Each structure stands twice: as structure tokens, then as C-alpha cells.
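Predicted, not measured: the structure shown is a model, and the values here were computed from it.
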Amino acid sequence: MVLLIISDTILNPQVKFIFKWWSKQGGIFCFPELRKYIQNHGGNNNAGTADLFTYYWAKSSTENRELLKNSLRIIRGWAQGIDLDQTSIDVERGAVLGEIRTDNPYRDWISDTKRATVEYGSGYQGKDKREMIANIRHFNRDAFIRFYKEWYRPDLEAAIIVGDIDVDSLETEIKSLFSDLEMPKNPKDPGLAMLEHTIKLDGKNQFKVEVDTVNPKPRLSIFSKRPHPGYSPKTQEDFKNLLVQKVYQEILLTRMGTIKQYHPLFTLAPNHQYADRQLYTLEVSMNFNEHTPLKKKQAFLKSMAAFRSVNSGFTAKELKTAKEMVRKAYSEDVSGNTNKLLAEKYRNHFVLGTVALPPKQEKQMGNDLLDKINLSDVNRAATHYGDLRSNTDFIYYSGSDIETLDSMTIWSWLKELYSMEVEPFSPKPAITSLRDVVEVPNKYMDAVKNITENQIGVTTVELSNGVKLVLKPTANSNLIKIHA
């Protein structure tokens with residue numbers, strides 16, 4: 001199996017195009033025809049854009065030497081030599097605008113609002129959807145071609161080939177195909193664009209109010225933001241921080257799963273997709289069921305005290321279970337499609353400087369690091385990721401006719417919250433029998449008329465006075481629900 005990837009470092013977040021043509025002997029194959037050609041020969045290919053690079057890849061059998069050579073020629077055409085004819089550009093403009101259209105404007109508005117708030121407060125120069133749409137609609141072909149010529153150049157490109165290959169012959173082939181790539185006369189410095197791309201957390205909190213005409217119920221979304229340790233790990237310490245974060249998150253989400261049935265006062269959603277995966281966020285959300293200032297304050301303090309409780313008091317038993325879950329998932333991640341995985345690691349090394357270890361070595365390193373992680377590491381992670389007093393964004397949603405909040409009010413509540421003593425969360429075992437928690441009297445046995453149990457474990461108890469009890473056990477629960 002051979003996987004070929006070329007990573008072209010694109011340093012302009014407004015560009016959404018995927019260049020979908022390649023030149024060969026004066027002719028042009030469009031992307032669907034190219035894909036069909038490769039698939040007919042037993043291979044596969046794709047392309048995509050990210051904030052810092054565009055990638056193209058083709059996969060083929062090592063036994064098909066003709067397809068391998070043609071794949072290299074295709075990548076050479078993509079690297080420098082794409083035919084940018086106006087007809088093809090117009091087709092792709094329509095395709096990009098079609099991708100941007102939505103069938104759920106409200107959902108996209110919520111998502112865009114969160115992303116804009118989190119990324120703006122992180123110093124990240126990300127994509128603006130409105131600017132992107134305007135760029136596509138009022139397309140400047142000259143600027144587009146100039147961009148391609150300025151940034152598609154050999155010092156910002158890499159051909160990455162992984163698989164059962166003859167290194168010497170393939171190296172000769174690559175040199176023959178790629179040695180004539182030309183540099184611009186006055187190449188631009190990519191460092192400036194990299195700097196704009198990098199997050200800059202300054203420790204400050206920000207507060208934003210959004211009027212929601214679809215769902216006017218007042219609510220608060222809180223985003224604790226920290227650098228994501230998995231963005232570009234380069235040292236063993238970086239990998240340890242990543243694994244600590246994974247273990248911490250595993251414990252936190254397991255706890256949230258156990259209290260979900262109690263209708264908790266807040267919801268929790270970890271995320272590492274903001275700012276091109278440079279941020280790790282905890283989104284803590286809560287509702288205000290009553291609208292007076294005092295009731296809102298009480299609801300905030302009660303909800304966030306519950307969050308602080310869940311975010312503390314981790315136990316050795318929880319740590320052991322979480323480490324095994326992370327060990328299993330991490331081992332599966334690094335032992336997947338080895339060729340594709342390695343190629344992506346080399347791509348990230350080229351773009352970000354991320355270390356690229358062989359899967360077997362990375363798996364062993366992960367196991368060794370997990371063995372060393374202790375409760376102190378995880379408790380420090382809880383303090384680091386869960387402290388709402390710095391690098392945290394607050395978004396208050398409500399209808400236009402509901403009294404809003406202001407930043408000074410939130411900051412005063414936050415100060416009071418962290419002056420409170422909060423009891424750490426204490427995991428409780430599931431209730432397996434009613435007799436475990438209450439004393440059940442047995443002197444009225446004649447009150448029972450009949451007891452039956454069906455195939456799905458539901459027991460029906462008929463009493464002599466006509467009352468009927470239906471009992472249904474639930475697994476992994478420490479909650480008894482009674483409906484009368």
C-alpha cells in the first residue's frame with residue numbers, strides 16, 4: 001500500500017478553494033474524472049483545505065507501478081502547474097457557495113456566535129463567513145492566481161510517500177519530477193501569517209450579550225479556554241500533558257454521566273476544534289428559570305458551585321478506570337491505518353513541527369507516560385482547565401423583552417463563587433436492591449395478592465386493596481424514580 005500526500009502551506013485563511021485540476025500533455029482532467037481514473041486502477045484520492053495548508057493525497061497498490069508514477073505526476077501538477085481556466089473557476093465558486101448554504105440558520109447562528117466569541121477573545125485571526133462569501137461572489141481572478149503563484153512554491157511544499165516502496169528508485173523519480181519547481185522572485189515570509197494564526201491568551205475574561213428571537217429563554221454559556229496540548233506535541237512533556245488532559249476529561253465526563261439522571265443544574269461539553277484545534281475548551285451551560293436579579297444570582301451560584309464540585313475530589317479508583325480507558329483509546333488511535341497515520345504525522349511535522357514517531361514507539365511511550373500519571377497531575381489539570389476566573393468567555397442569551405445581564409454583575413458573582421467553600425463531588429455506588437438503603441417491613445405479607453415478572457425484568461405486584469406496583473430495575477443507577 002502506498003499513500004502519497006503533498007502538503008502545500010497556504011497562509012491565507014480566507015481562501016476556501018481546493019484546486020481541482022492538473023495538467024498533462026496540454027490536457028486538463030477535472031477532479032471527478034481524475035478520481036475515476038485512479039479508482040479504476042485500484043486506488044483512491046482526495047483533497048482538502050485547512051487554515052495553514054492544502055493537502056492532496058492518492059492511494060494505490062505498490063504492484064501498480066504505472067499508477068504510482070502517474071500519481072506522482074498528478075501531484076507534480078498540483079504542486080505547480082494547475083490550469084486555472086475561468087470556466088472551471090466559476091464551477092468551483094458555485095460549489096463553494098453551495099457548501100456554505102445551510103438548512104438550519106438558527107443552529108448555524110448559535111455555532112457561529114460561539115466560535116466568533118471564543119476565537120476573537122483568543123487573538124486568533126480565523127475565517128469570517130460573511131467575508132468569505134463576499135470574496136467568492138465578487139471573485140478577483142487576478143488576486144487568486146497571484147496567491148497561487150506566491151504560495152505554491154517548493155520551500156512551502158512537501159511530497160510525503162509512505163509504504164512498501166523502493167526508496168532509491170522513487171527518490172530518483174521524485175527528483176526528476178519536482179526539481180524544476182520554481183521560486184517566486186520575491187518570496188513572501190510565511191512567518192507573519194503563522195504569527196497571525198497563533199492564539200494569544202492574555203488571561204482576561206470577556207462577556208457578550210446575544211438577543212435570541214427563536215429561543216428567548218435566558219441562559220448562559222461559559223467557555224473556559226486553554227491551549228490544547230494535542231495541537232502540536234513536540235516533547236515527552238507535551239505528550240504527558242495531552243494524556244493528563246484525556247484522563248481528566250474521561251473522569252469528568254464519567255461523572256457527568258452518573259448525574260445526568262438527576263437533571264443537573266448545568267451541562268458540560270469539552271471541545272478542541274476552535275482556533276484550528278489550538279484551543280481546548282470546557283463549555284459549561286446553564287438556564288435561568290426565574291428572571292429577577294436575585295433569582296438569577298442564586299441560580300448562577302448554585303449551578304457553578306455544582307460545577308466546581310464535579311471538577312474536584314477525584315479518587316484513585318476513578319483515576320485507575322480513566323487511565324485504562326485512555327490507554328485503550330490511545331492505543332487504537334496510534335495503531336490504526338499505519339501508512340495513512342504515518343503520512344498524516346509527517347504532514348503535521350512539516351506544517352507545525354509536530355514530532356512524528358513510529359506507531360509502535362508512540363504506543364509504548366503512551367503506556368509509559370500513563371503509568372506515571374497520578375492524582376496530583378489530574379487535580380492540577382482540573383484547576384488549570386476548570387478555573388473560570390481567567391481566559392473564560394461568557395455569552396448570555398435571552399429574548400429582547402427580558403432584562404439582560406452586564407459584565408460587572410457576572411464578575412461580582414464570580415468573585416462570590418470562588419469565595420465559597422464547595423464540597424468535592426463524591427461518587428456513589430449504584431443501588432442494586434431497595435433493601436440496601438431502606439428497611440422493608442415484612443409483617444404485611446398478606447397484603448400482597450399476586451407477584452408476576454415478565455421476560456424483560458419488569459415485576460408487577462398486585463395488592464389486596466387494588467393498588468398495583470410496577471417495578472423496573474435499571475443498570476448502573478443510584479436513583480429511584482417513583483411515578484404515581
Side-chain angles (χ1 to χ4, degrees), residues 7 10-16 18 46-55 96 99-100 102-132 193-194 196-201 206 208 210 221-233 238-239 241-250 252-253 256 266-285 326 329-330 332-334 336 340-341 344-345 347-348 351-354 381 384-386 388 391-395 397:
S7 299
I10 285 189
L11 303 168
N12 185 335
Q14 302 305 329
V15 173
K16 181 62 178 175
I18 301 172
N46 209 335
T49 57
D51 280 10
L52 283 179
F53 61 92
T54 295
Y55 67 92
V96 171
E99 292 172 4
I100 296 173
T102 178
D103 59 356
N104 193 329
Y106 177 71
R107 178 196 60 200
D108 286 2
W109 174 74
I110 292 289
S111 176
D112 292 344
T113 298
K114 291 178 179 180
R115 180 174 295 279
T117 302
V118 170
E119 293 184 348
Y120 175 80
S122 308
Y124 177 76
Q125 303 294 322
K127 300 182 181 73
D128 184 287
K129 185 180 289 185
R130 288 171 297 184
E131 288 184 13
M132 189 165 63
M194 293 288 287
E196 287 182 359
H197 177 79
T198 305
I199 59 170
K200 306 167 189 67
L201 296 176
Q206 64 172 343
K208 188 175 183 180
E210 292 288 346
S221 290
I222 305 170
F223 296 85
S224 168
K225 305 179 300 188
R226 302 296 184 268
H228 179 215
Y231 175 63
S232 178
D238 293 338
F239 278 97
N241 290 337
L242 172 59
L243 291 170
V244 169
Q245 177 251 304
K246 288 178 178 290
V247 171
Y248 161 69
Q249 178 175 298
E250 181 67 32
L252 206 57
L253 292 183
M256 291 301 298
F266 68 94
T267 60
L268 183 68
N271 192 327
H272 60 261
Q273 298 301 319
Y274 292 123
D276 194 28
R277 302 181 74 254
Q278 293 183 77
L279 287 174
Y280 177 75
T281 62
L282 291 179
E283 180 183 357
V284 187
S285 302
V326 170
Y330 190 75
E332 291 173 354
D333 286 345
V334 302
K340 184 175 182 181
L341 187 69
E344 290 176 348
K345 286 180 179 294
R347 180 195 69 193
N348 292 337
V351 177
L352 302 172
T354 306
H384 175 63
Y385 293 113
L388 307 180
N391 290 321
T392 303
D393 300 328
F394 297 77
I395 307 177
Y397 297 94

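- The backbone N or O of Thr117 sits less than 3.5 Å from a side-chain atom of Gln206, completing a donor-acceptor pair.
- Minimum interatomic distance between Ile199 and Ala275 (heavy atoms only, all atoms of both residues): CG2-CB, 3.7 Å.
- Without hydrogens or angle criteria, His272 side chain to Arg277 main chain gives no donor-acceptor distance under 3.5 Å.
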Worked verdict on Arg226 versus Leu279 for side chain to side chain contact (heavy atoms under 4.5 Å, CB included)
CA-CA 6 Å; Arg226 302 296 184 268; Leu279 287 174; over 6 Å; no
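- When all heavy atoms are compared, the tightest approach of Gln245 to Pro229 is OE1-CG, 3.7 Å.
- Within the 3.5 Å criterion, the main-chain N or O of Val118 finds a donor-acceptor partner in the side chain of Ser122.
- Between Tyr274 and Phe223, the ring planes are perpendicular. Angles over 60° get that label, and only those under 30° would be called parallel.
- Atoms CG and CG, from Asn271 and Leu282 in turn, are 9.5 Å apart once rounded to the nearest 0.5 Å.
- Taking 4.0 Å as the cut-off between side-chain N and carboxylate O, Lys208 and Glu210 count as a salt-bridged pair.
- With Tyr55 as the aromatic partner, Arg347 meets the cation-pi criteria of under 6.0 angstrom to the ring centre and within 45 degrees of the ring axis.
- Between Ile100 and Lys129, the closest side-chain pair of non-hydrogen atoms falls below 4.5 Å.
- With contacts defined as side-chain heavy-atom distances shorter than 4.5 Å, the pair Thr354/Pro233 qualifies.
- For the side-chain contact (heavy atoms from CB on, under 4.5 Å) with Ile222, the qualifying choice from Ile395, Asp393, Leu388 is Leu388, the only one to do so.
- Heavy atoms of other residues, nucleotides or ligands lying less than 6.0 angstrom from OH of Tyr120 number 12 at most.
- Asn104 and Arg107 get closest at one heavy-atom pair: OD1-N, 3.0 Å.
- Heavy-atom minimum distance, Thr392 versus Ser224: OG1-CA, 3.9 Å.
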Intermediate values then yes/no, side chain to side chain contact (heavy atoms under 4.5 Å, CB included), Met256 and Phe266:
CA-CA 10 Å; Met256 291 301 298; Phe266 68 94; 3.6 Å; yes
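- Heavy atoms of other residues, nucleotides or ligands lying less than 6.0 angstrom from NZ of Lys246 number 12 at most.
- The aromatic rings of Tyr385 and Tyr280 stand perpendicular to each other, their planes meeting at an angle above 60°, with 30° marking the opposite boundary.
- Considering CD1 of Ile110 and CZ of Arg115, their distance stands at 14.0 Å, rounded to 0.5 Å.
- Taken from NE2 in His228 to CG in Leu242, the straight-line distance is 6.0 Å, to the nearest 0.5 Å.
- Judged purely by atom type and a 3.5 angstrom limit, Gln278 uses its side chain to pair as donor or acceptor with the backbone of His197.
- The heavy-atom pair separating Ser221 from Tyr397 by the smallest distance is OG-CE1, 3.9 Å.
- Expressed to the nearest 0.5 Å, how far CD of Glu119 lies from NZ of Lys225 amounts to 9.5 Å.
- Taking both residues in full, the closest heavy atoms of Gln249 and Pro270 are given as OE1-CB, 3.3 Å, listed atom of the first, atom of the second, then distance.
- Two residues are said to be in side-chain contact when any heavy atoms from C-beta on lie closer than 4.5 Å; Asn348 and Ser232 fail this criterion.
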